[in-house]
Amino acid sequence: MSKSNYGKIAAGAVASIGLLHAQAAFAQQCIAPEDLTDAGIYAVPVIAEGFAASCTPYLESDGFFASRGGEFVAPYAAMQTESWPGTLRLFMSFATSGQEDGTASERSEMFRSLPPEALRPFVDAFLAQKIGEEIKPDDCAKIERAMELLAPLPPENFGGLLAFVLDVSKVRDPQVCDPDRP
């Protein structure tokens with residue numbers, strides 16, 4: 001796999017958060033940067049699984065993902081449990097907001113009635129499905145390139161970078177809360 005193949009796990013992670021956003025209107029004023037960081041970290045193993053399922057036939061057998069993908073994903077996977085509370089808060093803000101017809105209220109009640117750990121498989125399946133729908137064969141090399149570029153960063157830096165990029169790029173739906181405000 002050539003070095004020009006790693007540009008998109010960041011985009012994939014950003015896309016996964018964006019996909020969550022596309023599912024419902026945002027109920028709160030802004031996303032806590034810490035929750036976005038947690039969700040970015042949490043999502044990488046799920047994204048990598050969806051990426052592998054969608055892209056393996058289109059990647060070189062000696063490329064980054066084939067040779068070091070597991071090594072790249074391992075620290076993120078090790079932090080999923082730690083990152084789950086912030087991920088859940090972010091997911092709940094999307095899943096329980098939206099339509100004025102009472103659907104959001106019913107969803108909110110249903111989700112809040114479940115123990116947080118019972119929602120993890122649901123969140124994982126939701127992310128995997130959305131990633132699988134969004135990844136196209138032409139994107140595979142770019143995503144692999146992003147993974148390679150992100151590989152040297154600690155997961156916390158990736159999650160923080162994700163929140164920073166969304167904030168400075170003036171993404172407003174959802175908007176990232178000002179990290180300097182209480």
Side-chain angles (χ1 to χ4, degrees), residues 6 8-24 26-54 65 68-97 107-108 111-132 134-135 143-144 146-169 171 174-182:
Y6 304 125
K8 218 167 169 207
I9 191 84
V14 172
S16 70
I17 301 305
L19 291 169
L20 285 174
H21 158 267
Q23 295 302 305
F26 198 42
Q28 64 189 40
Q29 294 296 322
C30 58
I31 297 172
E34 308 80 38
D35 291 350
L36 188 55
T37 295
D38 284 349
I41 292 168
Y42 184 89
V44 168
V46 179
I47 291 167
E49 187 176 315
F51 170 78
S54 296
F65 194 74
R68 296 187 315 193
E71 180 183 323
F72 167 69
V73 172
Y76 291 90
M79 294 177 70
Q80 275 191 309
T81 298
E82 177 185 331
S83 299
W84 173 241
T87 303
L88 178 62
R89 282 189 298 274
L90 184 66
F91 177 79
M92 291 297 285
S93 70
F94 287 112
T96 61
S97 66
R107 240 189 341 248
S108 178
F111 285 141
R112 292 187 196 290
S113 72
L114 296 170
E117 287 305 310
L119 288 171
R120 277 182 80 165
F122 176 78
V123 171
D124 290 355
F126 175 80
L127 283 173
Q129 175 188 355
K130 291 300 175 187
I131 294 303
E134 293 297 316
I135 294 176
I143 296 169
E144 186 179 43
M147 287 182 197
E148 185 176 29
L149 292 170
L150 291 170
L153 295 177
E156 300 86 354
N157 286 52
F158 164 70
L161 183 61
L162 174 62
F164 173 78
V165 167
L166 288 177
D167 183 36
V168 299
S169 65
V171 170
Q175 180 173 346
V176 179
C177 299
D178 184 346
D180 297 325
R181 289 194 185 172

Colleague: Under the ring-ring contact (aromatic ring centres under 6.0 Å, His included) test, which residues partner F164, sequence neighbours left out?
Modeller: none
Colleague: Tell me every residue that passes salt bridge (Lys or Arg N to Asp or Glu O under 4.0 Å) with E117, counting only those two or more places apart in sequence or in another chain.
Modeller: R120
Colleague: Which heavy atom in G159 sits nearest to a heavy atom in T37, and how many Å separate them?
Modeller: O-OG1, 3.3 Å
Colleague: According to the salt bridge (charged side-chain N to carboxylate O under 4.0 Å, His left out) rule, which pairs have a member within residues 37-47, sequence neighbours left out?
Modeller: none
Colleague: To check you understand the geometry: which heavy-atom pair defines the closest contact between L127 and A43, and what is its length?
Modeller: CD1-CB, 4.2 Å
Colleague: For a 4.5 angstrom cut-off between non-hydrogen side-chain atoms, does I41 reach E82?
Modeller: no
Colleague: Mind checking whether Y76 and V46 have side chains closer than 4.5 Å, heavy atoms only?
Modeller: no
Colleague: Just wondering, do M79 and E156 contact through their side chains at under 4.5 Å, heavy atoms?
Modeller: yes
Colleague: Of the non-hydrogen atoms in A48 and F65, which two are nearest, and what is the gap between them?
Modeller: O-CZ, 3.7 Å
Colleague: Please give me the minimum heavy-atom distance between P33 and A163, naming the atom from each residue.
Modeller: O-CB, 4.0 Å
Colleague: For the pair S54 (side chain) and F51 (backbone), establish whether a donor and an acceptor sit closer than 3.5 Å, ignoring hydrogens and angles.
Modeller: no
Colleague: Kindly assign one of parallel, tilted or perpendicular to the pair F122 and F126, based on the angle between their ring planes and the thresholds 30° and 60°.
Modeller: parallel
Colleague: Starting at CG of D35, measure out to SG of C30 and round the result to the nearest 0.5 Å.
Modeller: 10.0 Å
Colleague: Is there a side-chain contact between W84 and V123 (heavy atoms, below 4.5 Å)?
Modeller: yes
Colleague: To the nearest 0.5 Å, how far apart are CZ in F72 and CZ in F158?
Modeller: 7.0 Å
Colleague: When rounded to the nearest 0.5 angstrom, what distance separates CG in D124 from OG1 in T87?
Modeller: 9.5 Å
Colleague: Quick one: are I31 and L90 in side-chain contact, heavy atoms under 4.5 Å?
Modeller: yes
Colleague: First locate atom CG of L150, then atom CG of L161, and finally report the distance between them rounded to the nearest 0.5 Å.
Modeller: 7.5 Å
Colleague: With rounding to the nearest 0.5 Å, note down the distance linking CD1 in I135 to CD1 in I143.
Modeller: 4.0 Å
Colleague: Taking all non-hydrogen atoms of both residues into account, name the closest pair between P155 and P75 and its distance.
Modeller: CG-CB, 3.8 Å
